[in-house]
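Working notes for the structure below.
Note on naming: letters A, B, ... go to the chains in the order of the sequence lines (proteins, then strands), and numbering restarts at 1 for each one. Because the structure is a prediction, the values reported are computed rather than measured.
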Number of protein chains: 2
Amino acid sequence: MGKPVTTGRRAGLDRDDMVCAALALIEHEGPAALTMRRLAAALDVTTTTIYWHVGSRDELITEVIRHQSERQAGRPITGTTARERVMCAARHVWDNALDNRAITSLAHQTGTTSLLEHPLEVALGRELESAGLTGEPAARALRAILSTVGGLLVLALRNESTVPEEHRAPALWAATHGELAPATIAALTRPGDYEDLFTSTVQAVIDAHVPGPRD
Amino acid sequence: MGKPVTTGRRAGLDRDDMVCAALALIEHEGPAALTMRRLAAALDVTTTTIYWHVGSRDELITEVIRHQSERQAGRPITGTTARERVMCAARHVWDNALDNRAITSLAHQTGTTSLLEHPLEVALGRELESAGLTGEPAARALRAILSTVGGLLVLALRNESTVPEEHRAPALWAATHGELAPATIAALTRPGDYEDLFTSTVQAVIDAHVPGPRD
DNA sequence: ACCTGAACACCGTTCAAGT
DNA sequence: ACCTGAACACCGTTCAAGT
């Protein structure tokens with residue numbers, strides 16, 4: 001069953017093979033490695049073959065992100081209080097992004113983050129509604145939590161992305177703005193403990209938007 | 001005084017002219033318009049001329065961002081309480097980004113946001129120290145506030161950036177995850193009031209990290 | 001010192017042509 | 001229906017050569 005190993009034509013490739021090969025390419029060689037020519041070489045075909053199965057590079061990326069979003073879904077949401085369950089749903093977004101950094105970076109670069117995290121965002125929205133939020137407050141809470149997690153992810157993923165060293169810590173900073181204490185300067189230049197930062201920051205945003213057990 | 005209008009050589013251009021022309025190009029035609037060839041055409045020279053004055057495209061971008069960061073500095077910080085002044089410094093980052101969306105997007109794409117906002121980030125750090133924060137708590141507060149503002153900016157700037165419509169609101173969302181209320185779905189698909197979102201979210205993060213007047 | 005012309009090694013995309 | 005070869009219009013970058 002399934003597709004025959006070798007048909008009478010040339011290659012036995014379909015649209016799904018392209019998407020999977022693209023996903024593997026991204027995971028192994030980074031988001032920048034996803035070019036039509038390199039993907040064609042990996043599949044041992046010409047670039048025009050990709051254009052026949054998939055429409056364009058944008059469509060390929062969309063399909064890759066959607067494919068990845070499907071196998072990200074499914075982690076159970078734990079916790080007894082509403083805030084705990086909302087926090088758990090937010091942490092799923094955080095964990096999945098850190099577990100799949102290459103694809104997350106690609107989604108971030110192409111503005112398809114919401115497509116990648118969509119099932120997890122829906123799960124988060126469901127918990128907010130279960131917490132009693134409806135209408136505009138629910139929408140505001142959802143947007144606030146997701147943007148906070150997204151901002152923290154940009155910070156946490158900045159290190160291994162393509163950021164030249166000179167952009168991080170020019171020596172003149174300490175000279176021109178020397179009034180700052182070393183620890184404060186470190187916050188602007190060096191990486192920190194993003195796990196703690198995630199917990200405290202997201203918890204604050206959740207507490208501000210989601211009614212607690214004794215409100 | 002200054003440089004002569006026309007020297008005995010070919011063009012009277014220096015490194016600063018390249019950076020200014022690049023900045024104008026970005027503001028008028030968007031971040032994607034900044035290519036070596038288009039910049040050379042705008043200056044009526046060859047691309048190799050740019051490589052002589054500026055090193056590479058990365059160096060050009062760094063110089064453009066640094067140039068822009070200098071004329072962004074200087075808005076006064078108002079407010080009487082510590083939290084008010086910290087909020088004001090955070091709002092400066094927000095306002096400047098929204099007032100210069102093209103350059104902000106470029107900085108975001110190239111991972112040089114901290115370089116662009118650096119003077120404003122230092123001002124924010126100063127207010128945190130004035131509020132009594134030192135060491136790790138100061139660093140955590142700074143990172144938390146900046147990442148929150150950054151995440152909200154990504155959301156607010158997403159609309160006019162190069163995001164295809166299909167990435168935003170596929171019709172199947174409502175079908176496969178139809179349990180969500182319309183307003184909650186809207187939070188995932190349509191833009192909202194980011195001004196209100198900024199105020200409430202950043203205020204929550206500030207309150208969580210900066211001691212208030214009666215703590 | 002400052003600038004040009006030509007070339008190299010890449011991109012995404014299209015189009016006519018093959019089987 | 002599925003795939004190739006060649007071409008087009010772009011990129012960033014380099015190198016020898018001109019004045």
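The distance between atom CE of Met36(B) and atom P of dC11(C), rounded to the nearest whole Å, is 19 Å. Spacing between atom CH2 of Trp52(B) and atom C1' of dG5(C) amounts to 19 Å, rounded to whole angstrom units. The interatomic distance linking Arg37(B) (CZ) with dC10(C) (P) rounds to 15 Å, in whole Å. Distance Ile50(A) CD1 to dT14(C) P: 14 Å, rounded to the nearest Å. The distance between atom CD of Glu59(A) and atom C1' of dT13(C), rounded to the nearest whole Å, is 13 Å. For the pair Leu43(B) CG and dC3(C) C1', the interatomic distance rounds to 13 Å; values are reported in whole Å. Atom OH in Tyr51(A) sits roughly 5 Å away from atom C1' in dT13(C) (whole-Å rounding). Atoms CG (Leu13(B)) and P (dT4(C)) sit 9 Å apart, rounded to a whole Å.
Comment: Glu63(B) engages Arg66(B) in a salt bridge, judged by a side-chain N to carboxylate O separation of less than 4.0 angstrom.
Using a 4.0 Å cut-off, some side-chain N or O of His53(A) falls inside it from OP1 or OP2 of dC3(D). Checking the phosphate oxygens (OP1, OP2) of dT4(D), a side-chain nitrogen or oxygen of Thr49(A) falls inside 4.0 Å. A sub-4.0 Å separation between OP1 or OP2 of dT4(C) and a side-chain N or O of Thr46(B) is present.
Between Asp196(B) and Arg140(A) the shortest side-chain heavy-atom distance falls below 4.5 Å.
Annotation: the span from His53(A) atom NE2 to Thr48(A) atom OG1 amounts to 10.5 Å, rounded to 0.5 Å.
Between the side chains of Thr184(B) and Glu129(A), at least one donor N or O sits under 3.5 Å from an acceptor N or O.
Nearer the 5' end of DNA chain C, as judged by each residue's closest nucleotide, is the contact made by Arg38(A), out of Thr48(A) and Arg38(A).
In this structure dA16(C) sits in a base pair with dT4(D), meeting the Watson-Crick or G-U test at under 3.5 Å. Nucleotide dC10(C): unpaired (no Watson-Crick or G-U wobble partner with both distances less than 3.5 Å).
Looking at the side chain of Arg57(B), the nearest of the listed nucleotides dT4(C), dG12(D), dT13(C) is dG12(D).
Contact record, Met18(B) with Val54(B): CB-CG2, 4.0 Å, taken as the closest heavy-atom pair.
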